[in-house]
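Values below: all heavy atoms of this structure, side chains included; hydrogens, waters and symmetry mates excluded.
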Amino acid sequence: MIKNNKFYKTYGYIRSNYKSNYMHANGLRSLIDCLFGTVGFKHFNKKNSIKTNKINFLTFSVIPSLTNIWAWYIKNIDLYNINNIIIGDCSGGLKTSSIINHNERIPYLNYIHGEKIDFFLAHTCSTKYVVICDDDIIWTSQKPLLYALDKFKGNPKLAVVSLVPSKKKSFWLSNATKIAMGSYCIVIDRQKWISEKLSFQIHKPVGWRTYGHYLDTADHANLELLKKDYDICIASQDIQDLLVKFTGLSMWALRIQKSLGEINDIVRDRPDEYKKVYRVAKTLLELNKLSDDLKIINPNLFFNKSCFTKSIRLAKNKISKSTINQINYELRMKVEKLRNAFHY
């Protein structure tokens with residue numbers, strides 16, 4: 001029965017991801033790559049041979065062009081040669097290059113985010129400290145990592161440094177802390193995480209429906225750490241500002257791809273949702289342009305830009321001109337920050 005449940009669960013992920021994800025990479029070939037990668041990885045318990053003096057940077061990819069830019073910045077800020085990236089390629093379309101090598105890419109099915117983090121943290125990462133970071137949060141400096149390592153050095157009770165805390169109000173955490181650590185970009189003490197058997201997965205306590213809330217990704221671990229009297233450090237704002245944040249890109253990009261840009265078929269008629277579509281599509285196209293301008297070796301450009309240009313056109317009809325101008329202005333500021341990160 002358990003094996004059957006795992007089979008149907010995997011089948012469900014494959015079916016739900018094909019039109020939004022694998023089809024836009026290399027189709028069936030990408031799906032097979034992720035499927036065999038997952039099966040081989042789980043059954044043969046493959047581990048990367050990573051030097052212990054390095055710091056693992058763990059992310060998961062469904063938009064290869066975005067991941068390539070993320071990796072390029074991680075490697076260019078690495079003044080001390082300590083950054084080691086591990087990428088769960090959940091699209092099967094991430095091409096290797098001088099930026100992302102074969103050992104850094106692990107094809108893996110696009111399971112729930114917390115489940116993927118748990119598995120990779122236990123079976124792939126091997127360093128004492130691990131940076132878990134979404135690939136739509138781009139580093140412009142090594143200072144946030146050095147800040148985190150310094151905090152760990154001075155506090156044996158410290159378990160997590162959150163570089164991008166969650167802005168969501170968590171019902172279950174509201175009485176325990178003012179700011180949730182989130183899972184967008186955190187540095188963890190992996191040894192504490194493993195020994196305390198913590199998990200990034202969504203947790204639904206008994207009676208959660210009564211309150212209408214459950215514990216989102218990393219929230220349950222956040223609560224457990226506080227109960228066990230561990231410390232969680234929220235980075236100062238000046239450190240947070242060294243990371244350029246484009247949160248939420250992957251989810252909406254997959255929706256746009258699934259609709260082939262016909263977003264009216266999938267978006268509820270709410271201004272905020274069309275606003276998100278416009279922001280995400282515009283951001284991904286601008287980041288691709290930045291990649292070209294900086295001459296970043298990027299074999300992972302969009303496979304079908306027309307999906308995103310079409311979604312922009314349709315979204316513009318649903319949101320105000322002032323909203324469009326505001327999004328464009330904020331995006332321009334972020335892209336300029338990335339463009340000037342290394343004084344090009």
**Request:** Decide whether Tyr274 and Asn264 meet the rule of one side-chain donor and one side-chain acceptor closer than 3.5 Å.
**Result:** yes
**Message:** Are Ile319 and Tyr329 linked, directly or through intermediate hydrophobic residues, by side-chain heavy-atom contacts shorter than 4.5 Å (ILVMFWY only)?
**Reply:** no
**Asked** Would you call Arg339 and Glu336 a salt bridge, taking side-chain N to carboxylate O under 4.0 Å as the test?
**Response** yes
**Side-chain heavy-atom pair Ser291, Trp72 within 4.5 angstrom cut-off** = no
**Message:** So, taking the atom named CD1 in Ile256 and the one named OG in Ser20, what distance separates them when rounded to the nearest 0.5 Å?
**Reply:** 11.5 Å
**Request:** Please answer: with hydrophobic residues joined when any side-chain heavy atoms are less than 4.5 Å apart, are Leu79 and Ile99 in the same cluster?
**Result:** yes
**Message:** A side-chain contact here means heavy atoms from C-beta on lying under 4.5 Å apart; do Ile324 and Lys316 qualify?
**Reply:** yes
**Request:** Verify whether one side chain among Asn68 and Lys95 offers a donor that lies under 3.5 Å from an acceptor in the other.
**Result:** no
**Message:** Looking at Lys128 and Asp189, is any side-chain nitrogen of the basic one under 4.0 Å from a carboxylate oxygen of the acidic one?
**Reply:** yes
**Asked** Any side-chain heavy-atom pair from Phe36 and Phe41 closer than 4.5 angstrom?
**Response** no
**Item:** Test item: Asn110 side-chain N/O and Cys90 main-chain N/O as donor-acceptor pair under 3.5 Å
**Value:** no
**Message:** Within the 3.5 Å criterion, strictly below it, is a donor on Ser91 or Asn21 matched to an acceptor on the partner's side chain?
**Reply:** no
**Asked** Do any N or O atoms from the side chain of Asp219 and from the backbone of Asp216 form a donor-acceptor pair under 3.5 angstrom?
**Response** yes
**Request:** Of all the heavy-atom pairs spanning Leu338 and Tyr73, show the shortest one and how long it is.
**Result:** O-OH, 2.8 Å
**Asked** Got more than 12 heavy atoms from elsewhere within 6.0 Å of NZ, Lys258?
**Response** no
**Asked** Looking only at heavy atoms, which two atoms of Phe152 and Ile188 are closest? And how far apart?
**Response** CZ-C, 4.0 Å
**Request:** State, with a plain yes or no, whether a side-chain heavy atom of Val130 is found less than 4.5 Å away from one of Val187.
**Result:** no
**Prompt:** So do Leu243 and Thr140 actually touch side chain to side chain, heavy atoms under 4.5 Å?
**Reply:** no
**Asked** Under 3.5 Å, is there a donor-acceptor pair between the side chain of Gln240 and the main chain of Ala235?
**Response** yes
**Asked** Roughly how far, to the nearest 0.5 Å, is CG of Leu35 from CD1 of Ile14?
**Response** 5.0 Å
**Message:** Assess the residue pair Asp238 and Tyr147 against the criterion (side chain to side chain donor-acceptor pair (under 3.5 Å)); give the C-alpha distance rounded to whole Å, side-chain angles, the decisive distance to 0.1 Å, and a yes or no.
**Reply:** CA-CA 11 Å; Asp238 61 317; Tyr147 169 91; over 6 Å; no
**Asked** With under 30° as parallel and over 60° as perpendicular, where do the rings of Tyr111 and Tyr108 fit, or are they tilted in between?
**Response** perpendicular
**Item:** Chi angles and distances behind the salt bridge (charged side-chain N to carboxylate O under 4.0 Å, His left out) call for Asp33, Arg105
**Value:** CA-CA 12 Å; Asp33 192 25; Arg105 171 191 175 265; 2.3 Å; yes
**Message:** Can you confirm whether Ile100 sits close enough to Trp70 that some side-chain heavy atom of one is under 4.5 Å from a side-chain heavy atom of the other?
**Reply:** no
**Message:** With a 3.5 Å distance limit and no angle check, can you tell me whether His220 reaches the backbone of Ile202 through a side-chain donor-acceptor pair?
**Reply:** no
**Message:** Taking the side chain as everything from C-beta on, heavy atoms only, tell me whether Ile87 gets closer than 4.5 Å to Asp135.
**Reply:** no
**Asked** Lys75 and Glu104: salt bridge (charged side-chain N to carboxylate O under 4.0 Å, His left out), yes or no, with the steps?
**Response** CA-CA 12 Å; Lys75 293 193 173 182; Glu104 294 167 336; 2.9 Å; yes
**Complete:** Rounded to the nearest 0.5 angstrom, the CG-OH distance for Leu109 and Tyr22 is 4.5 Å
**Prompt:** Once the angle between the rings of His113 and Phe60 is folded into 0 to 90°, is it parallel (under 30°), tilted (30 to 60°) or perpendicular (over 60°)?
**Reply:** perpendicular
**Distance-only polar pair, side chains of Thr127 and Asn56, donor-acceptor under 3.5 Å** = yes
**Request:** For the pair Asn17 (side chain) and Tyr13 (backbone), establish whether a donor and an acceptor sit closer than 3.5 Å, ignoring hydrogens and angles.
**Result:** yes
**Message:** I need the minimum non-hydrogen distance between Ser30 and Gly93, along with the two atoms involved.
**Reply:** OG-N, 4.1 Å
**Check: Ile137 main-chain N/O paired with Asp134 side-chain donor or acceptor under 3.5 Å** = no
**Prompt:** Which is it for Leu260 and Met23 under the side-chain contact (heavy atoms from CB on, under 4.5 Å) test, yes or no, and what are the steps along the way?
**Reply:** CA-CA 11 Å; Leu260 299 178; Met23 187 176 82; 4.2 Å; yes
**Prompt:** Between the side chains of Thr309 and Ser306, does any donor sit under 3.5 Å from an acceptor?
**Reply:** no
**Complete:** Distance col, row Lys337:NZ vs Asp241:CG, nearest 0.5 angstrom, shows 5.0 Å
**Message:** Under a 4.0 Å threshold between the charged nitrogen and the carboxylate oxygen, would Lys289 count as salt-bridged to Asp293?
**Reply:** yes
**Complete:** Rounded to the nearest 0.5 angstrom, the CZ-CG distance for Arg279 and Leu284 is 9.5 Å
**Item:** Heavy-atom donor-acceptor pair, Thr177 side chain to Ala180 backbone, under 3.5 Å
**Value:** no
**Request:** Please lay out, stage by stage, how Lys167 and Thr247 fare under the test side-chain contact (heavy atoms from CB on, under 4.5 Å).
**Result:** CA-CA 11 Å; Lys167 292 182 179 180; Thr247 52; over 6 Å; no
**Side-chain touch Ile82/Gln142, heavy atoms, less than 4.5 angstrom** = yes
**Prompt:** Does NZ or CZ of Arg190 lie under 6.0 Å from the centre of the six-membered ring of Trp193, at an angle within 45° of the ring axis?
**Reply:** no
**Gap between atom CG of Asn288 and atom OG of Ser65 - 0.5 Å precision** = 4.5 Å
**Request:** Dump the intermediate steps for side-chain contact (heavy atoms from CB on, under 4.5 Å) on Tyr18 and Leu31, then the final yes or no.
**Result:** CA-CA 8 Å; Tyr18 190 78; Leu31 170 57; 4.1 Å; yes
**Item:** Worked verdict on Tyr230 versus Glu196 for side-chain contact (heavy atoms from CB on, under 4.5 Å)
**Value:** CA-CA 11 Å; Tyr230 283 105; Glu196 295 293 350; 2.7 Å; yes
**Asked** Judged by atom type as modelled, is there a donor-acceptor pair below 3.5 Å linking the side chain of Ser162 to the main-chain atoms of Met181?
**Response** yes
**Prompt:** Any idea which heavy atoms bring Leu158 and Cys233 closest together, and the distance?
**Reply:** CD1-N, 3.6 Å
**Message:** Can you tell whether the side chains of Asp231 and Lys157 come within less than 4.0 Å, N to carboxylate O?
**Reply:** no
**Asked** side chain to side chain donor-acceptor pair (under 3.5 Å) between Asn101 and Thr96: does it pass, once the steps are laid out?
**Response** CA-CA 5 Å; Asn101 65 51; Thr96 56; over 6 Å; no
